[in-house]
A.B. asks: 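Got a structure for you, written out below as structure tokens; questions coming shortly.
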Protein chains: 2
Amino acid sequence: MAKGAEIDDLDKQILSILMRNAKKPYTDIAKQLFVSGGTIHVRMKKMEDAGIVKGYHLAVDHERLGYDISAFLGIYLDKSSLYEDVAGELEKIPEVVAAHYTTGLYSIFATIICRDTTHLREVLHDKIQKISGIQRTETFISLQESINRPINIVEKEA
Amino acid sequence: MAKGAEIDDLDKQILSILMRNAKKPYTDIAKQLFVSGGTIHVRMKKMEDAGIVKGYHLAVDHERLGYDISAFLGIYLDKSSLYEDVAGELEKIPEVVAAHYTTGLYSIFATIICRDTTHLREVLHDKIQKISGIQRTETFISLQESINRPINIVEKEA
DNA sequence: GTTGAAAAATTCCGCCG
DNA sequence: CGGCGGAATTTTTCAAC
């Protein structure tokens with residue numbers, strides 16, 4: 001898992017294509033990169049085994065599924081040593097979809113997705129604020145998502 | 001596109017499975033949910049056409065690809081009416097992978113991914129700070145990603 | 001929503017440079 | 001060893017019911 005897998009340019013090209021459209025058939029990618037389908041398969045298997053590819057996810061329109069509000073949370077801890085405990089508690093809350101331990105003003109930065117303002121208030125007041133170790137939080141509600149895309153890992157693309 | 005697509009429980013179950021593993025064959029999902037493979041296909045086509053499914057993405061380990069630093073940026077604007085202009089400029093910067101227009105302290109909340117501290121400084125100083133309309137920014141560097149998962153859209157799962 | 005068959009993709013094998 | 005090509009298996013896709 002923690003192997004020193006060497007990633008060459010072909011690997012990066014493959015990842016770059018799949019990061020934008022993970023459903024693209026290996027045979028198509030093979031044609032695009034002028035190699036055989038089998039090669040794409042071998043390279044992907046290698047990268048999956050090495051843990052470089054962590055998964056395949058579906059991007060969905062949360063609003064259309066009845067989850068109208070996404071919000072960012074800056075969390076202040078009583079002591080930063082409480083990070084592990086608080087992260088463990090956050091993980092138990094399904095509405096928390098992301099959490100990072102950060103430098104700067106806040107100790108933890110989290111993203112939550114809720115159905116509506118009532119649901120958001122419930123999560124903040126009844127779940128987040130109840131976690132011991134959290135001093136206070138600042139909430140930033142997303143009014144509009146302008147950008148959401150993968151990083152560009154290759155110089156030029158086919 | 002903006003059709004009033006009705007999403008029932010079966011649709012949600014399908015999405016829930018694919019959000020966690022978008023590569024799972026429709027035939028497997030069909031067996032799991034006790035319907036035919038054709039039904040999964042029809043439902044997914046409906047949801048793709050309706051724009052509920054926005055894409056298929058590969059989750060990769062950025063650090064293993066040489067992108068060691070991810071950071072969050074709280075952006076203060078001179079005037080919040082400049083949002084569209086600034087968002088357009090941010091979109092031109094490939095290191096910016098996410099941007100949201102938000103309530104609260106900051107006008108824009110962005111996520112950037114960089115190779116190293118030098119690269120991060122370049123992006124912040126030479127690209128972000130040069131955008132007209134941006135008053136100042138606050139940077140939160142992610143030291144550890146604890147949680148990164150899809151929202152749970154169904155009550156119980158098979 | 002289902003079935004079943006055609007088309008396509010994945011996966012795995014031995015072979016070659 | 002890494003890439004290739006083809007064949008067997010599985011999956012996707014699409015018609016009619």
Side-chain angles (χ1 to χ4, degrees), chain A residues 1-61 64-65 150 153-158, chain B residues 1 3-61 64-66 150 153-158:
Chain A
M1 186 92 103
K3 273 289 301 305
E6 307 281 315
I7 302 302
D8 67 14
D9 200 60
L10 178 59
D11 291 322
K12 283 188 189 168
Q13 300 261 8
I14 297 168
L15 288 182
S16 181
I17 292 168
L18 287 173
M19 281 197 286
R20 284 165 180 74
N21 176 15
K23 270 233 149 175
K24 178 166 263 202
Y26 287 180
T27 37
D28 278 14
I29 300 168
K31 262 176 276 184
Q32 193 173 335
L33 299 179
F34 305 104
V35 294
S36 77
T39 298
I40 307 290
H41 183 252
V42 169
R43 298 301 189 104
M44 284 303 292
K45 173 128 186 44
K46 179 189 72 181
M47 292 192 282
E48 284 172 1
D49 290 347
I52 291 162
V53 172
K54 297 196 287 186
Y56 299 83
H57 296 300
L58 205 60
V60 300
D61 187 332
R64 304 284 287 276
L65 288 172
I153 58 168
V154 290
E155 313 313 318
K156 56 174 182 288
E157 242 175 286
Chain B
M1 187 92 100
K3 274 289 302 303
E6 308 281 316
I7 303 301
D8 67 13
D9 200 60
L10 178 59
D11 292 321
K12 284 188 190 170
Q13 299 262 5
I14 296 168
L15 288 181
S16 180
I17 291 167
L18 288 173
M19 281 197 285
R20 283 165 181 76
N21 176 15
K23 270 232 148 174
K24 179 166 262 202
Y26 287 0
T27 39
D28 278 15
I29 300 169
K31 261 175 276 184
Q32 193 173 336
L33 300 179
F34 305 105
V35 294
S36 76
T39 299
I40 308 290
H41 182 254
V42 169
R43 298 301 189 102
M44 283 303 292
K45 174 131 186 43
K46 177 189 72 180
M47 291 192 281
E48 284 172 1
D49 290 347
I52 291 163
V53 171
K54 296 197 287 187
Y56 298 83
H57 295 301
L58 205 60
V60 300
D61 187 330
R64 302 285 288 276
L65 289 172
I153 58 168
V154 289
E155 312 313 319
K156 55 174 180 287
E157 243 175 285

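Letters A, B, ... mirror the listed sequences (proteins, then strands); counts begin at 1.
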A.B. asks: Is there any protein nitrogen or oxygen under 3.5 Å from a nitrogen or oxygen in nucleotides 1-3 of chain D, and what are the pairs?
C.D. replies:
residue: dG3(D); atom: OP1; partner: Arg43(A); partner atom: NH2; Å: 2.1
residue: dG3(D); atom: OP2; partner: Arg43(A); partner atom: NE; Å: 3.1
residue: dG3(D); atom: OP2; partner: Arg43(A); partner atom: NH2; Å: 3.2

A.B. asks: To the nearest Å, how far apart are Asp28(B) CG and dT10(C) P?
C.D. replies: 15 Å
A.B. asks: Roughly how bent is the helix from dG1(C)-dC17(D) to dG17(C)-dC1(D) end to end, in steps of 10 degrees, with each end axis from five pairs?
C.D. replies: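 Between the axes fitted at each end of the helix from dG1(C)-dC17(D) to dG17(C)-dC1(D) lies an angle of 30°.
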A.B. asks: Quick one: CG on Asn21(A) to CD1 on Ile17(A), what's the gap to the nearest 0.5 Å?
C.D. replies: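 Asn21(A) CG to Ile17(A) CD1: 10.0 Å, rounded to 0.5 Å.
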A.B. asks: Is the NZ atom of Lys54(B) crowded by more than 12 outside heavy atoms at less than 6.0 Å?
C.D. replies: yes
A.B. asks: Rounded to the nearest 0.5 Å, how far apart are CD1 of Ile14(A) and CD1 of Ile40(A)?
C.D. replies: 4.0 Å
A.B. asks: Sequence neighbours left out, what passes salt bridge (Lys or Arg N to Asp or Glu O under 4.0 Å) with Asp9(B)? Give chain and number order.
C.D. replies: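 Once residues adjacent in sequence are excluded, Asp9(B) has no partner under the salt bridge (Lys or Arg N to Asp or Glu O under 4.0 Å) criterion.
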A.B. asks: Please give, in whole Å, the distance from dG5(D) P to Lys31(A) NZ?
C.D. replies: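 Taking atom P of dG5(D) as the reference, NZ of Lys31(A) is at 14 Å.
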A.B. asks: Strictly under 3.5 Å: I want the nitrogen or oxygen pairs between protein and nucleotides 11-16 of chain C, one per line.
C.D. replies:
residue: dT11(C); atom: OP2; partner: His41(A); partner atom: NE2; Å: 3.4

A.B. asks: Over all heavy atoms of both residues, which pair between Ala59(B) and His57(A) is shortest? Give the atoms and the distance, please.
C.D. replies: CB-CD2, 3.5 Å
A.B. asks: Mind checking salt bridge (Lys or Arg N to Asp or Glu O under 4.0 Å) for Lys24(B) and listing every partner two or more places apart, or none if nothing turns up?
C.D. replies: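 Applying salt bridge (Lys or Arg N to Asp or Glu O under 4.0 Å) to Lys24(B) gives none.
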A.B. asks: Nearest-Å distance, CG (Leu18(B)) to C1' (dT12(D))?
C.D. replies: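 Computing the Leu18(B):CG to dT12(D):C1' distance gives 14 Å.
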A.B. asks: Return the value, rounded to whole Å, for the distance between atom NZ of Lys24(A) and atom P of dA8(C).
C.D. replies: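 Roughly 17 Å, once rounded to whole Å.
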A.B. asks: What residues form a salt bridge (Lys or Arg N to Asp or Glu O under 4.0 Å) with Lys45(B), not counting sequence neighbours?
C.D. replies: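 For Lys45(B) the salt bridge (Lys or Arg N to Asp or Glu O under 4.0 Å) partners, ignoring immediate neighbours, are Asp49(B).
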A.B. asks: Using every non-hydrogen atom in the two residues, find where Leu58(B) and Ala22(A) come nearest and quote the distance to one decimal.
C.D. replies: N-CB, 4.0 Å
A.B. asks: In terms of side-chain geometry, is the basic nitrogen of Asp11(A) or Arg43(A) positioned less than 4.0 Å from the acidic oxygen of its partner?
C.D. replies: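 Looking at Arg43(A) together with Asp11(A), the answer is yes, because their closest N to O distance falls below 4.0 Å.
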A.B. asks: In Å, rounded to the nearest 0.5 Å, how long is the span from CD of Gln32(B) to CD of Gln13(B)?
C.D. replies: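 Output value for this atom pair is 8.5 Å.
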A.B. asks: How many Å lie between CD on Glu48(A) and C1' on dT10(C), as a whole number?
C.D. replies: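 Rounded to the whole Å, the gap is 12 Å.
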A.B. asks: Rounded to the nearest 0.5 Å, how far apart are CG of Leu15(B) and CZ of Arg20(B)?
C.D. replies: 11.0 Å
A.B. asks: Rounded off to whole Å, could you give me the CZ-to-C1' distance for the Phe34(A) and dC4(D) pair?
C.D. replies: 16 Å
